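The structure presented is a predicted model; accordingly, all values stated were derived computationally and were not measured. Below, chain A is the first sequence line, B the second, and so on; all start at residue 1. Quick note: numbers below take in every heavy atom, side chains included, and nothing from hydrogens, waters or symmetry partners.
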Number of protein chains: 2
Amino acid sequence: MLPDQRREKIVEYAENNGYASLQQLAELLDTSESTIRRDLEYLDGKGQVRRTRGGVAYVGESLTDFDERTTRALSQKKRIGRAVADLIEPGDSILLDGGTTTLEVARHLVNRPLQVVTNSLPIAQLLMNSPETELILIGGYLYPKTGVALGPIAVEALRTIRVRRLIMSVGGITREGMFNSNSLLVEAEQRMLETAEEVIVAVDAGKFGRNALSKLCELDRPDRIFVDSGLDDNWKEILGSTDVELTIVE
Amino acid sequence: MLPDQRREKIVEYAENNGYASLQQLAELLDTSESTIRRDLEYLDGKGQVRRTRGGVAYVGESLTDFDERTTRALSQKKRIGRAVADLIEPGDSILLDGGTTTLEVARHLVNRPLQVVTNSLPIAQLLMNSPETELILIGGYLYPKTGVALGPIAVEALRTIRVRRLIMSVGGITREGMFNSNSLLVEAEQRMLETAEEVIVAVDAGKFGRNALSKLCELDRPDRIFVDSGLDDNWKEILGSTDVELTIVE
DNA sequence: GCCATAACGATCAATATCAATCATTATCCA
DNA sequence: TGGATAATGATTGATATTGATCGTTATGGC
């Protein structure tokens, strides 16, 4: 890889994650720590990043900084995002549904060698400048506000796709199953469920017990559920009686 | 292969990938590294690319501002964009291809009651916050840097769509027809041509006489061509002998 | 405060890339 | 055609980058 290219990636990675360790960067860019050190020295001199002991921090308005000051639910989403991303292996093909939680997952997928399919404009935007990632966009009627593509075009496009893992979030979970607020969204998501070998649901604990407009699937349909530590013991029991593998993120 | 042709391809490749190594280029163009070095020296001198150790980097927006010629091309693109947008009527359904010129068109479509279909991520991003505009996104393999969706998914999605007007740009125009640099792109664009009642091509005059990799269509296939006033008289004659309606934007 | 550990900067040998040069080949023009 | 000019590919010495290693310095736990 070209030196300039490598340095640009370092800035990009730091920008997306707010911080990056030397080891992370060395592994990610497949080079020695010495080289990374020299790159950081160079970039720090140019003012593009700020060196810290053990790594590097992005300077200026970071995407993550923008969110940093927000609610606890978001910091939980960040943790969930990291936990889910740690599960992903190099070369995986994954389908990312729209949503703020899945966006947090996507942040940790930047510059990793993956095949990512998504119907979310923000996620696509985020991963577009990640050269290691092969990105496939699901088109369709673009739902305002959330920037998610839905409708018949999306459903049709999903028909031709097969992925190893689906990562999605939901609007509400009750004993009756999982729900979302928009029926067009649910229709697309039901199609997603069919295309993935493994289904991973990532939600914050606040979604449990809440209902929403349209039923997506049964409670035991996912293979894995990632949730933060705020989950009620009662719900742990309920999920324990199913085949779903529950991961509590501390 | 002609030296000029080769150099153009180098710029093209760098533009599409952001970076290119000497070895890549030498292999791609079937020539020695010495020749590539000389080409890069030449192109760097002209400011078309930036040399880096081991290869070459595409010159981004930051540097183009200093280049008088490209700045002028941009202001021309802006004028062309406005002229094309003036043609659009309320309620129109239009298909916007990717590219900097069509992006300028899109800027003038914000908050207008339209149905817009596009395969370009930047255009979708721009129009997403326009409540009046119904936005339909064409999905597919997302081409890095340019953010345009291509490939079989895009082609298939275009099959189900009909629009009143197609607005596209091209990479080069010769007597033999219209060309673009990427064969996947051309394939999608050919499908676009089939779905539109009226085809509008918007280009700056610099594209005339220039060749590109892959042939898109015949010279007289568009219904209208918008171009800036820099167009050669010779070309005006050639286009005058066809059915294409030529609009010169002052 | 003290130790163990981790990160740092400096240095060196190995490697990769560069610019300059030269002989050969292709292209142009009379 | 023939001569001049330009472009090409290979070579070479110079230079820059890289990865490993070393002694030094900062950090965190006890």
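Heavy atoms of other residues, nucleotides or ligands lying less than 6.0 angstrom from CD of A:E27 number 12 at most.
Both A:D39 and B:R6 lie close to DNA chain D; mapped to their nearest nucleotides by heavy-atom distance, the more 5′-ward contact belongs to B:R6.
Under 3.5 Å, the side chains of B:T174 and B:E176 contain a donor-acceptor pair of N or O atoms.
Remark: B:E41 engages no residue in a salt bridge (charged side-chain N to carboxylate O under 4.0 Å, His left out) (not counting sequence neighbours). Residues that satisfy the ring-ring contact (aromatic ring centres under 6.0 Å, His included) test with B:F208, not counting sequence neighbours, are B:W235. Shown here are the side-chain contact (heavy atoms from CB on, under 4.5 Å) partners of B:V249, two or more places apart in sequence or in another chain: B:R79, B:I80, B:A83, B:F226.
Between B:R224 and B:E245, at least one side-chain nitrogen of the basic residue sits less than 4.0 Å from a carboxylate oxygen of the acidic one, meeting the salt-bridge criterion.
Each salt bridge (charged side-chain N to carboxylate O under 4.0 Å, His left out) pair with one or both residues in residues 233-242 of chain B, not counting sequence neighbours, appears once here: B:D233-B:K236.
When every heavy atom of A:D44 is checked against every heavy atom of A:V49, the shortest pair comes out as OD1-O, 2.9 Å.
Between chain B and DNA chain D, the heavy-atom contact criterion of under 4.0 Å yields a 5' to 3' nucleotide range of D:dT8 to D:dT17.
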Check your understanding: Which nucleotides of nucleotides 16-21 of chain C have their base under 4.0 Å from a protein heavy atom (B), which only their sugar-phosphate (S), and which neither (-), written as one string 5' to 3'?
Key -> BBBS-B
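To the nearest angstrom, P of C:dG9 lies 14 Å from CD1 of A:I36.
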